[in-house]
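Since this is a predicted model, take the numbers as computed values, not measurements. Sequence lines set the chain letters: A, B, ... in the order given, protein chains first and strands last, and positions in each chain run from 1. Atom set for the values below is all heavy atoms of this structure, side chains included, hydrogens, waters and symmetry mates excluded.
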2 protein chains.
Amino acid sequence: MKLDEAKEKFIQAWGVLGTSWGISRTMAQVHALLLVSSQPLSAQEIIDTLSISQGSANMNLRALIDWQLIEKIVKIGERKEYFSAEKDMWEITRRVMRERRKRELEPILKMLEDVKTIELSEKDKKEIETKEEIEQKNKEIKEFKEMMQQIDSFANRAEKALDVMIKASESKIVERFLK
Amino acid sequence: MKLDEAKEKFIQAWGVLGTSWGISRTMAQVHALLLVSSQPLSAQEIIDTLSISQGSANMNLRALIDWQLIEKIVKIGERKEYFSAEKDMWEITRRVMRERRKRELEPILKMLEDVKTIELSEKDKKEIETKEEIEQKNKEIKEFKEMMQQIDSFANRAEKALDVMIKASESKIVERFLK
DNA sequence: ACAAACTTTCAAATAAGATTGAAATTGTGT
DNA sequence: ACACAATTTCAATCTTATTTGAAAGTTTGT
């Protein structure tokens with residue numbers, strides 16, 4: 001099998017995998033293409049190779065830059081912009097971890113802020129209830145608060161753990177040890 | 001704010017978060033509802049509370065069981081099936097990790113199997129090329145192989161690391177230490 | 001064996017998300 | 001200031017994933 005076929009196979013596969021990683025097929029394909037290109041590519045080259053539109057190329061390239069998975073390269077004396085992917089898997093992983101922490105963990109913490117500040121009390125009850133009903137209600141309130149507390153402390157720990165992992169993996173010593 | 005409002009807020013938020021975790025909105029909402037229910041719920045109760053169809057309820061409940069995030073409960077003397085969520089965040093995390101490893105990591109390894117078995121050689125060339133071109137081609141082949149190798153060893157390490165984390169978190173000692 | 005209660009299936013409808021393509025905008029050299 | 005190349009935007013369109021709802025299937029008690 002020739003190099004170009006292998007590259008194409010890789011791009012296809014990376015595109016499929018991307019979808020299960022919450023990344024759109026095209027974004028993953030653009031990333032894959034840049035991962036296996038030995039030199040930076042222009043937007044036009046990407047458009048031609050993957051048969052996508054200018055608009056899509058632009059959008060996906062911007063998103064990849066946002067994730068810090070690729071960067072713009074400007075060649076002196078040239079007007080076109082070129083794009084080049086970070087090729088170190090450790091660096092890629094760190095950047096994906098950072099981005100996902102931002103997108104996935106922070107919203108949880110924010111949501112819990114909201115839910116936790118509300119005052120849960122049985123005082124609002126309008127109806128006369130039996131002792132059993134009131135106790136059941138109190139039990140439910142307690143359980144709900146515990147669940148929220150559990151999620152909150154979990155999310156906080158996860159955030160700290162991620163921090164540690166990211167920082168640790170940045171250390172040359174740890175990296176060498178793992179490699 | 002009353003308990004039911006708080007629960008609803010949580011369910012809504014969990015649903016939104018689910019989408020960025022590659023879980024459908026409804027599946028996440030069903031999960032959230034069961035997380036904050038102090039007793040198991042029947043399919044009908046879930047359908048009514050979330051205003052979803054029977055079909056959707058059935059499908060999403062099945063998926064959650066598949067992920068081992070909820071389980072069926074049969075009450076003696078009752079025909080209906082009830083559903084109850086695992087409520088320990090550590091257990092939830094382990095199960096999600098297992099499921100995601102299966103879905104996300106294994107396909108990568110499988111794809112690399114394919115790409116790596118192909119023989120990359122410059123022998124197929126039909127055209128006469130300059131020495132420089134041949135050298136460039138060889139360099140590209142080398143780089144491509146290195147990239148594949150990097151991804152492969154990364155994926156393997158990630159799989160092992162996940163294993164270690166899952167196993168470690170199952171240990172009561174580590175769990176207590178982290179808590 | 002039947003009816004009632006409940007669950008599952010699946011083709012069609014819907015909703016959510018991604019892509020296109022044409023037009024607008026930006027930047028560069030003359 | 002103009003022309004040209006490149007980039008960006010965005011409403012319309014297309015794709016894909018999810019949900020629905022009605023019908024079929026299952027299980028249980030009589």
Subject >> Partner residues of B:D163 under the side-chain contact (heavy atoms from CB on, under 4.5 Å) criterion, sequence neighbours left out >> reply: B:R101, B:K167
Original post:
Going only through I, L, V, M, F, W and Y residues with side-chain contacts under 4.5 Å, is there a path from A:V74 to A:I65?
Top reply: no
Original post:
Could you write nucleotides 25-30 of chain D as a row of B, S and -, 5' to 3', where a protein heavy atom under 4.0 Å of any base atom gives B, of only sugar-phosphate atoms gives S, and otherwise -?
Top reply: --BB--
Original post:
Can a salt bridge be assigned to the pair A:K7 and B:E140 using a cut-off of 4.0 Å between side-chain N and carboxylate O?
Top reply: yes
Original post:
Considering residues at least two apart in sequence or located in another chain, which fulfil the ring-ring contact (aromatic ring centres under 6.0 Å, His included) criterion with B:F83?
Top reply: none
Subject >> Hydrophobic cluster of A:M59, others only, ordered by chain and residue number, side-chain cut-off 4.5 Å >> reply: none
Original post:
In residues 30-50 of chain A, which ones come under 4.0 Å of DNA chain C, going by heavy atoms?
Top reply: none
**OP:** Measure the distance from NZ on A:K72 to C1' on C:dT26 and round it to the nearest whole Å.
**Re:** 11 Å
**OP:** Whole angstrom is fine here: how far is it from CD1 in A:I23 over to C1' in C:dG17?
**Re:** 15 Å
Could I get a table of every N or O pair under 3.5 Å where one atom is in the protein and the other is in nucleotides 9-12 of chain C?
from, atom 1, to, atom 2, distance (Å)
C:dT9, OP2, B:R62, NH2, 3.0

**OP:** Write down the distance between CD1 (B:I65) and P (C:dT7), rounded to a whole number of angstrom.
**Re:** 11 Å
Original post:
Among all residues two or more places apart in sequence or in another chain, which pass the salt bridge (Lys or Arg N to Asp or Glu O under 4.0 Å) test with B:K102?
Top reply: B:E99
Subject >> Which residues share a salt bridge (Lys or Arg N to Asp or Glu O under 4.0 Å) with B:E81, sequence neighbours left out >> reply: B:K72
Original post:
Given atom CZ of A:R25 and atom C1' of C:dA16, what is their separation to the nearest angstrom?
Top reply: 16 Å
**OP:** Please identify each residue that fulfils side-chain hydrogen bond (donor to acceptor under 3.5 Å, both in side chains) with B:E91, with sequence neighbours left out.
**Re:** B:R94, B:R95
Subject >> Sequence-distant partners of B:K131, side-chain contact (heavy atoms from CB on, under 4.5 Å), two or more places apart >> reply: B:E135
Subject >> Distance, rounded to the nearest Å, where B:I52 contributes CD1 and C:dT14 contributes C1' >> reply: 16 Å
**OP:** Let me know the distance between CZ of B:F83 and P of C:dT8, rounded to the nearest Å.
**Re:** 7 Å
Subject >> Set of side-chain contact (heavy atoms from CB on, under 4.5 Å) partners for A:K80, sequence neighbours left out >> reply: A:S42, A:E78, A:Y82
Subject >> Residues in side-chain hydrogen bond (donor to acceptor under 3.5 Å, both in side chains) contact with A:Q149, at least two apart in sequence or another chain >> reply: none
**OP:** Check the distance between C:dT7's P and B:L61's CG and give it to me in whole angstrom.
**Re:** 10 Å
**OP:** Please tell me which of A:K80 and A:T19 maps to the more 5' nucleotide of DNA chain D, matching each residue to the nucleotide holding its nearest heavy atom.
**Re:** A:K80
